[in-house]
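Nothing here was measured: the structure is a model prediction, and the numbers come from that model.
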Amino acid sequence: MQSLSTVGDYQFIMPAPELRRYFSSYYFFEISTPGGVELEDLLYPEWASARFMLEGNIPASLVPDPVVPVPAASMTGPTSRACHISCSHARMAGIGVTPLGWARFVGASAHAYANAVFDVTLEPVFKVFGNIWQEIQGLSDHRAIAEVFDRHLLAALGADLPREADIERVHAVVADPEIVDVVQLSERVGLNSQAVERLCRRVFGFSPKRLLRRQRFLRSLAPRMLDPGLKWVKVLDSSYHDQAHFSRDFRDFMGMTPKAFLEMPRPISKAAVRARLEALGQPLQVLQGPAIPQALDAA
């Protein structure tokens, strides 16, 4: 599953079947611009991701902070702000971590790691990703790297967590466009509002209200990313009162106005969104619901 763009080469590889509840995809990105021209772009709010720089570097920051170098092997916690990146030459491998994957393979409170980037070699909670980094340095073949990912993650899988079903139900309901407030979310998953609040902060990184706002915003933004000719009024989620309401969310999540965003060239993210849609059926990681096993889905 591969997609080429004028600025880079993107490939998505699915994890082993046993790991698909915990990791949305493995992804690979290569870029080398003509003449070393530096490209700037924005990555959208997402769940956590481990990123391994196999060559070069991609300085980054969460808006509105200034762009800075990032560790060669890093974990970005779940985000509710866009990530500003700048690069001209890089080769990277990454692992998209679902909320259940965070609970199973990290275990620490996601809220403590939200909207921040960490060196996986220095943080004990990211030990499995640090071990992966030690083995993939020097590798170039994407399939070989994906096999290393599978081997380490399968070895670290361990026993099921007591609340996996609750986590996946919350994830599924957050991704449901029919759910627009916390009361509906709590009723659908069968937990009281306090329990939902605690679970969301610990596993998803944010309050349920912010998660629903982020989901609504990205659900509205995605069609415009895929078809710039669409008018905002045609793509806005029905729970937005008006375009001014959406614009406030836009500044909150993206750090700029919709107009400024549309005026950005965004060569990297445009190609990545289309490649991800082609490979995985969703243009953004947070729009991809949980990979719930059949038995759990019917429970």
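A ring pair (Phe, Tyr, Trp, His ring centres under 6.0 Å) with Phe149 holds for exactly one of Phe23, Phe129, Phe52, Trp133; it is Phe52.
Remark: Glu40 does not engage Arg266 in a salt bridge, criterion side-chain N to carboxylate O under 4.0 Å. Salt bridge Arg213/Asp252: present, at least one basic N to carboxylate O contact under 4.0 Å. A salt bridge is defined here as a Lys NZ or Arg NE, NH1 or NH2 lying under 4.0 Å from an Asp or Glu carboxylate O, and Arg201 with Glu197 meets this definition. Classification of Lys234 and Asp227 as a salt-bridged pair fails, no side-chain N sitting under 4.0 Å from a carboxylate O. Between Arg51 and Glu46 there is a salt bridge, since a side-chain N of the basic residue sits under 4.0 Å from a carboxylate O of the acidic one. Comment: Asp41 does not engage Lys270 in a salt bridge, judged by the lack of any side-chain N to carboxylate O separation of less than 4.0 angstrom. A salt bridge does not link Asp249 to Arg214: none of the charged side-chain nitrogens sits closer than 4.0 Å to a carboxylate oxygen. Contact check on Glu263 versus Lys259 returns a salt bridge, with a Lys/Arg side-chain nitrogen under 4.0 Å from an Asp/Glu carboxylate oxygen. Salt bridge Asp237/Arg216: absent, no basic N to carboxylate O contact under 4.0 Å. Using a 4.0 Å cut-off between charged side-chain N and carboxylate O, Glu135 and Arg151 make a salt bridge.
Aromatic ring centroids of Phe250 and Phe261 lie under 6.0 Å apart. For an aromatic pair to be called close, the ring centres must be under 6.0 Å apart, and Trp102 with Tyr22 fails this.
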May I have the step-by-step check of side chain to side chain contact (heavy atoms under 4.5 Å, CB included) for Met256 and Arg251, ending in yes or no? CA-CA 5 Å; Met256 62 178 62; Arg251 286 190 292 271; over 6 Å; no
Q | ring-ring contact (aromatic ring centres under 6.0 Å, His included) between Phe12 and Tyr26, worked out | A | CA-CA 6 Å; Phe12 293 86; Tyr26 303 149; over 10 Å; no
Using the rule given for side chain to side chain contact (heavy atoms under 4.5 Å, CB included), can you reason through Ile85 versus Val67, listing the C-alpha separation, both sets of side-chain angles and the distance that settles it, and then say yes or no? CA-CA 7 Å; Ile85 63 172; Val67 169; over 6 Å; no
- Query: When you look at His142 and Glu30, which way does the side-chain hydrogen bond (donor to acceptor under 3.5 Å, both in side chains) test go after all the steps?
  - Reply: CA-CA 11 Å; His142 294 174; Glu30 298 182 15; 3.2 Å; yes
Please lay out, stage by stage, how Phe246 and Phe217 fare under the test ring-ring contact (aromatic ring centres under 6.0 Å, His included). CA-CA 7 Å; Phe246 172 70; Phe217 168 72; 5.7 Å; yes
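Summarising the geometry, atom OG belonging to Ser86 is positioned 6.5 Å from atom NE2 belonging to His84; distances are rounded to the nearest 0.5 Å.
Using modelled atom types and a 3.5 Å distance limit, the side chains of Thr79 and Asn115 yield no donor-acceptor pair. For the 3.5 Å distance criterion, the side chains of Gln288 and Ser24 fail to qualify, holding no donor opposite an acceptor.
Shown here for Leu157 and Glu18, the closest heavy-atom pair between the two residues is CD2-O, 4.4 Å. Heavy atoms only, all atoms of each residue included: Phe253 and Ser80 are closest at CD2-O, 3.0 Å. Heavy atoms only, all atoms of each residue included: His245 and Ser239 are closest at CE1-O, 4.1 Å. The shortest non-hydrogen separation linking Ala175 to Gly289 is CB-CA, 4.4 Å. The two residues Ser88 and Val37 make their nearest non-hydrogen contact at CB-O, 3.3 Å. Residue Glu55 comes nearest to His89 through the heavy atom pair OE2-NE2, 2.7 Å, listed as atom of the first residue, atom of the second, then distance.
Checking side-chain atoms of Gln134 against main-chain N and O of Asn131 turns up no donor-acceptor pair under 3.5 Å. Put simply, the side chain of Arg202 never gets that close to the backbone of His111: no donor and acceptor are under 3.5 Å apart. The main-chain N or O of Val70 is never found under 3.5 Å from a side-chain atom of Ser74 such that the two would form a donor-acceptor pair.
Among residues at least two apart or in separate chains, ring-ring contact (aromatic ring centres under 6.0 Å, His included) pairs with a member in residues 172-207 are Trp47-Phe204.
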